[in-house]
Each structure stands twice: as C-alpha cells, then as structure tokens.
Amino acid sequence: METRKLSDLEVSEIGMGCMGLSHGYGKVPDRQYSIEAIRKAYDAGCTFFDTAEVYGKEVFYPGHNEEIVGEALEPFRDKVVLPTKFHFRPDEEKKNLYRVIKDHLDASLKRLRTDYVGLYYLHRVTSLFL
C-alpha cells in the first residue's frame, strides 16, 4: 500500500477508524471478529489505526475500543502508528489540566498495551473551553 507523511510520521494512505468496533454504526461486532479485522487490515498494508478513550462508552464502557485495538496490535505494535484521543469530563473542569491530560494518557497507554502513541489530541472541544 502507498504511504503518506503526517509531519514526520509515515502512514498507510488508507487508515482504519476503529470506532465502529465499539459503537456507532449499527450492531457491534464481537471482540474476536474486531481483533481479526484489525489484524487483516494490517496484513493488507494498513499502518494507521485510529481510536479514542470514549469509543464504546455508550454501549460498553470508556476505554473499550482502546482495549480491543491494543490487543489486536500488540504483536506488531512497533510497525504501526497509533493515534488516540482524550475527552475532558465536566467534573475535570476545575482541575489542573496538565495532570488531567497526563492521567488520561496514562490510562490510554495501559489499555493500548503500549508505552507510546503516534498522535494524542483532544477529541472534541467541550463547554470547558467555550
């Protein structure tokens, strides 16, 4: 598969958005199917797998999607770019934002079974910033 540059990151020109493996597009596939789908995408040349800590909170629990993605990518983690996103909760508004972001990142890294991510960013602007 062809690749593209995102700043200094090289990624497959087709990435896999993993949200639908936890919610959003109808019936959620079972965990093993989801893991196999991610691994087949990698076998087909995909090296960019997008997730977020909130994917799955509506149907399962926060972090559900990151756990699936982490398990699926574990055998070849060093060969892919893995972005994830954090989401501020309303109860975090008055807290130290640096500490809040670091805590979210630490939890994501644990669920993703890794010690680094390729991109880490705010999922969406909430009323905290308006």
According to a 4.5 Å side-chain heavy-atom criterion applied to Ile, Leu, Val, Met, Phe, Trp and Tyr, with indirect links allowed, do [X] and [Y] form part of one hydrophobic cluster?
X	Y	answer
F60	I35	no
L122	I101	yes
V54	L119	no

Tell me the closest heavy-atom pair linking [X] and [Y], and the distance in Å.
X	Y	result
C46	M16	SG-N, 3.6 Å
V59	H23	CG2-CB, 3.8 Å
I68	L21	CD1-O, 4.0 Å
S12	G45	CB-O, 3.3 Å
M19	G24	CE-CA, 4.4 Å
Y116	D78	OH-CA, 3.6 Å

[X] and [Y] ion-paired at < 4.0 Å:
X	Y	result
K102	D106	yes
D43	R39	no
E92	R89	yes

Close side-chain approach of [X] to [Y], heavy-atom, < 4.5 Å:
X	Y	answer
L6	V81	no
F88	L97	yes
E67	Y61	yes
V117	L105	yes

Chi angles and distances behind the side chain to side chain contact (heavy atoms under 4.5 Å, CB included) call for V100, F86:
CA-CA 10 Å; V100 168; F86 64 95; over 6 Å; no
Rounded to the nearest 0.5 Å, what's the gap from [atom1] on [X] to [atom2] on [Y]? Could you check?
X	Y	atom1	atom2	answer
L9	T3	CG	OG1	11.5 Å
E71	R31	CD	CZ	5.0 Å
L73	R113	CG	CZ	10.5 Å
R99	D103	CZ	CG	4.5 Å

Candidate list F76, F49, F48, test ring-ring contact (aromatic ring centres under 6.0 Å, His included), partner Y42, passing option:
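Of the listed residues F76, F49, F48, the ring-ring contact (aromatic ring centres under 6.0 Å, His included) partner of Y42 is F76.
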So V69 and R111, side chain to side chain contact (heavy atoms under 4.5 Å, CB included) or not? Walk me through it.
CA-CA 9 Å; V69 172; R111 289 187 295 264; over 6 Å; no
Start with the C-alpha distance between L112 and T51, add both sets of side-chain angles, then the distance that settles side chain to side chain contact (heavy atoms under 4.5 Å, CB included), and finish with yes or no.
CA-CA 10 Å; L112 291 165; T51 185; 4.1 Å; yes
Can you list everything that forms a salt bridge (charged side-chain N to carboxylate O under 4.0 Å, His left out) with E13? Sequence neighbours excluded, please.
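Testing E13 for salt bridge (charged side-chain N to carboxylate O under 4.0 Å, His left out), a comparison that skips the adjacent residues, returns R4.
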Step by step, would you call T84 with Y55 a side chain to side chain contact (heavy atoms under 4.5 Å, CB included)?
CA-CA 10 Å; T84 193; Y55 292 166; over 6 Å; no
Short side-chain to backbone donor-acceptor contact, N65 and C18, under 3.5 Å:
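The answer is yes, because a donor-acceptor pair under 3.5 Å joins these two groups.
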Hey, does the side chain of E53 reach the backbone of E66 with a donor-acceptor pair shorter than 3.5 angstrom?
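Here the side-chain-to-backbone pair does not exist.
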